There are 2 protein chains.
Amino acid sequence: MTELDDTDRRILRALVADATQSASALGRRLGLSQPAVWRRIRRLRSEGVIAGQRLDLDRERLGFGVTVFLGVKLATKGRVSLDDFERAVSAIPEVQTVEHILGLFDYRLRVVARDIADFERVLRRRIMTLPGVGDVEANVLLSEERRPGPIG
Amino acid sequence: MTELDDTDRRILRALVADATQSASALGRRLGLSQPAVWRRIRRLRSEGVIAGQRLDLDRERLGFGVTVFLGVKLATKGRVSLDDFERAVSAIPEVQTVEHILGLFDYRLRVVARDIADFERVLRRRIMTLPGVGDVEANVLLSEERRPGPIG
DNA sequence: ACTGAAAGAACTACTCG
DNA sequence: CGAGTAGTTCTTTCAGT
């Protein structure tokens, strides 16, 4: 299926940290030519190892200073309930991430709001009215550190 | 501080959907010249609204098929305890995200592993040995949907 | 202050040896 | 795999509104 060598991993590690680096700059750092790096990146893209390229926005500077994680337990669980819930939650713009999980809760939502008052509005009018919602647990984000994670 | 107009927001919305779009392509879609778009993007970058541009990897294709969210409650809480915990957890490569939160738990960790057996190893040898760890709750990720989130 | 036109530099994406 | 290259994009300069 997909077999990566050490050079692939070094390229991925560099790009995960900063995707704006050019193939030629990477080549200089890794001791490779620009086409060599470019071909590897294209291969990793076509193989699906590189799934996409996302812009990282500072939500605080955009006026959304509050981020809350919600653990949601459904009252009724069945295929229809899950589909209904996911469809309804996808229509809420304040919901940034929808994670279907196994454990004490069924879903974990990442919700952003302008402030606590705005979050209460989202919670009461949007979240609590979702179809099949049972228990809800909230955790306010204080700070966050993202790490590259293992490559191979 | 940072005041965004409607054009900035349209640019951000387009780039969040697809960060690979060129300034000239964006200009055509928004009715602006290529330098005008490029200058705005550069300004948003320098202001920190655009925090970065990261590669989105398919962890499954990299051989890390298991993602688990861990809620961690510290047994002893104090500034030193938090610092110690954060420093120690940052040294674990399998930890992708460290979120300091307010609520039932003190931290949320996103941990990736090759399989369940590998996750057990990480949990027992890495996580449970962290300084000050009390209760730990685990949720296995089944599926995940990321949404653009609100811009303004 | 922000726009667009123009132009040079750098990069992408590809072909060929 | 690297050298070379056509086409594209980035980045700056300059002048207009």
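Excluded from the calculations below are hydrogen atoms, water molecules and symmetry mates; all remaining heavy atoms, backbone and side chain alike, are included. Order of the sequence lines sets the chain letters (A, B, ...), proteins ahead of strands, with each chain counted from 1. Given the structure is predicted, the values throughout are model-derived calculations rather than measurements.
Across the protein-nucleic acid pair, B:I41 atom CD1 and D:dC10 atom P stand 7 Å apart, rounded to whole Å. Straight-line distance from the CD atom of B:E3 to the C1' atom of C:dC2: 17 Å, rounded to whole Å. The CG-C1' distance, from A:L30 to D:dC1, rounds to 16 Å in whole Å. Nucleotide C:dA1 holds its P atom 16 Å from the CG atom of B:D8, rounded to whole Å.
Between B:G103 and A:N139 the shortest heavy-atom distance is CA-ND2, 3.4 Å. The two atoms that bring A:V98 and A:V89 nearest to each other are CG2-CG1, 3.7 Å, heavy atoms only. In terms of heavy atoms, A:G27 sits closest to A:V37 at CA-CG2, 3.6 Å. The shortest heavy-atom contact between B:A14 and B:L26 is CB-CD2, 3.4 Å.
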Please tabulate the protein-to-nucleotide N/O contacts below 3.5 Å involving nucleotides 12-17 of chain D, giving atom names and distances.
{"unit_1": "D:dT12", "atom_1": "OP2", "unit_2": "B:R42", "atom_2": "NH2", "d": "2.7"}

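Looking at A:R108 and B:E137, no side-chain N of the basic residue comes within less than 4.0 Å of a carboxylate O on the acidic one, giving no salt bridge.
The cationic group of B:R114 lies under 6.0 Å from the six-membered ring centre of B:F64 and within 45° of the ring axis, placing it in a cation-pi geometry.
Nucleic acid contact class of B:R40 (heavy atoms, under 4.0 Å, all strands): sugar-phosphate only.
For A:R9, the CZ atom is densely surrounded, since the number of other residues' heavy atoms within 6.0 Å is greater than 12.
Rounding to the nearest 0.5 angstrom, the gap separating the CZ atom in A:R110 from the CZ atom in A:R59 is 8.5 Å.
For the segment residues 19-27 of chain A, the set of residues with a heavy atom within less than 4.0 Å of an atom of DNA chain C comprises A:S22, A:A23, A:S24, in numerical order.
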